[in-house]
Protein chains: 2
Amino acid sequence: MSELAAALDIVGARWALLIVEQLLEGPRRYGDLQRELGMGTNMLATRLRELEAAGVLRRLPLRHNTRAYALTERGLALSAAITALRRWGAEQT
Amino acid sequence: MSELAAALDIVGARWALLIVEQLLEGPRRYGDLQRELGMGTNMLATRLRELEAAGVLRRLPLRHNTRAYALTERGLALSAAITALRRWGAEQT
DNA sequence: ACGGCGCACTTCCATTTTGAAAGTGTTAGC
DNA sequence: GCTAACACTTTCAAAATGGAAGTGCGCCGT
């Protein structure tokens with residue numbers, strides 16, 4: 001598997017990069033992510049589980065049944081790729 | 001829709017970036033892409049149609065029923081994003 | 001000139017993924 | 001005790017994906 005395919009295996013799933021994009025601005029709670037992204041809660045739960053398993057983000061317990069999701073170092077390293085894609089998306093030709 | 005979402009709307013589909021990665025090395029014919037990527041021919045046809053419609057690549061007629069697919073300027077502009085993702089995928093942590 | 005081959009697809013159908021909606025369990029505050 | 005917020009899970013329909021087989025067309029050897 002090529003390096004690109006390996007990357008897409010983790011962040012190529014729908015919503016995955018959009019979740020990481022939000023978390024680049026700081027930790028978020030589950031409900032925040034859902035409202036900001038406008039995605040279904042079942043998909044969000046699935047993606048967060050996958051991204052956590054891949055070491056992209058981690059759960060931070062806050063209070064009782066409240067926790068935050070924050071990027072790991074590996075998640076932060078996606079910043080360059082997201083910036084490049086965002087720039088490309090912004091170019092209207 | 002955010003700029004990232006706009007980009008993913010075009011190149012976020014499965015196989016799309018892998019196709020562009022191949023074409024970064026030069027024009028390819030349909031059968032070449034299929035063999036190099038190991039993907040089903042129905043999906044390849046669908047992706048090529050979408051990427052052509054999005055202005056990422058164009059068909060170049062070669063001979064009778066033979067043609068090549070080549071990146072447009074907009075397709076070449078994906079190089080930075082692909083490089084960033086490939087680098088991220090290569091990092092083993 | 002005719003049969004088979006390679007090329008670029010399309011069609012069909014099973015499997016997987018995605019998505020909307022509603023439901024679950026827990027704790028906090030009134 | 002009652003309601004609300006939070007973080008999910010469950011259910012089921014719709015859409016995307018994938019494997020396999022089929023289509024049309026020109027070339028090439030016989």
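Basis for what follows: all heavy atoms, side chains included, without hydrogens, waters or symmetry-related copies. Source: prediction; values computed, not measured.
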key: Between C/dG6 (P) and B/Q34 (CD): distance, integer Å   = 14 Å

task = Taking only the side-chain nitrogens and oxygens of A/W15, find out if one of them lies under 4.0 Å from OP1 or OP2 of C/dG19.
result = yes

inquiry  = If I take atom CG in residue B/N42 and atom P in nucleotide D/dA15, what distance separates them, rounded to the nearest angstrom?
reply    = 18 Å

request  = Describe the nucleic acid contact of B/T66 in one word from base, sugar-phosphate, nothing, applying a heavy-atom distance below 4.0 Å.
outcome  = sugar-phosphate

query = Can you tell me how far C1' of D/dA5 sits from CG of A/D32, to the nearest Å?
reply = 12 Å

request  = Identify which nucleotide among C/dC9, D/dT17, C/dC7 has an atom closest to any side-chain atom of B/Y69, counting heavy atoms from C-beta outward.
outcome  = C/dC9

message = Please tell me if B/R67 has a side-chain N or O lying less than 4.0 Å from either OP1 or OP2 of C/dC9.
response = yes

A/L62 CG to C/dT26 C1', straight-line distance once rounded to whole Å = 16 Å

query = Judged by atom type as modelled, is there a donor-acceptor pair below 3.5 Å linking the side chain of B/R35 to the main-chain atoms of B/L33?
reply = no

ask   = OP1 or OP2 of C/dC9 sitting under 4.0 Å from any side-chain N/O of B/R47?
value = no

message = Any base atoms under 4.0 Å from A/R29, or only sugar-phosphate, or nothing? Heavy atoms, all strands.
response = sugar-phosphate

task = Please state how far atom CG in A/L8 lies from atom P in C/dT17, giving the value in whole angstrom units.
result = 16 Å

ask   = Can you tell which of C/dC7, D/dA16, C/dT10 lies closest to the side chain of B/T41?
value = C/dT10

inquiry  = Of the listed nucleotides (C/dC9, D/dT9, C/dC7), which one gets closest to any side-chain atom of A/Y30?
reply    = D/dT9

remark   = From the candidates D/dC8, C/dT27, C/dT10, the one with an atom nearest any side-chain atom of B/A45 is C/dT10

message = What is the separation between atom CZ on B/R59 and atom P on C/dC7, rounded to the nearest whole Å?
response = 17 Å

query = If only atom types and distance count, is the side chain of B/W88 paired as donor or acceptor with the main-chain N or O of A/R74 below 3.5 Å?
reply = yes

query = Could you give the CE-to-C1' distance, from A/M43 to C/dA21, as a whole number of Å?
reply = 14 Å

inquiry  = Nearest heavy atom decides the nucleotide; on that basis, is B/H64 or B/R49 closer to the 5' end of DNA chain C?
reply    = B/H64

inquiry  = Any carboxylate oxygen within less than 4.0 angstrom of a Lys/Arg side-chain nitrogen, looking at A/E50 and A/R47?
reply    = yes

query = Roughly, in whole Å, what's the span from CZ in A/R63 to P in D/dA5?
reply = 16 Å

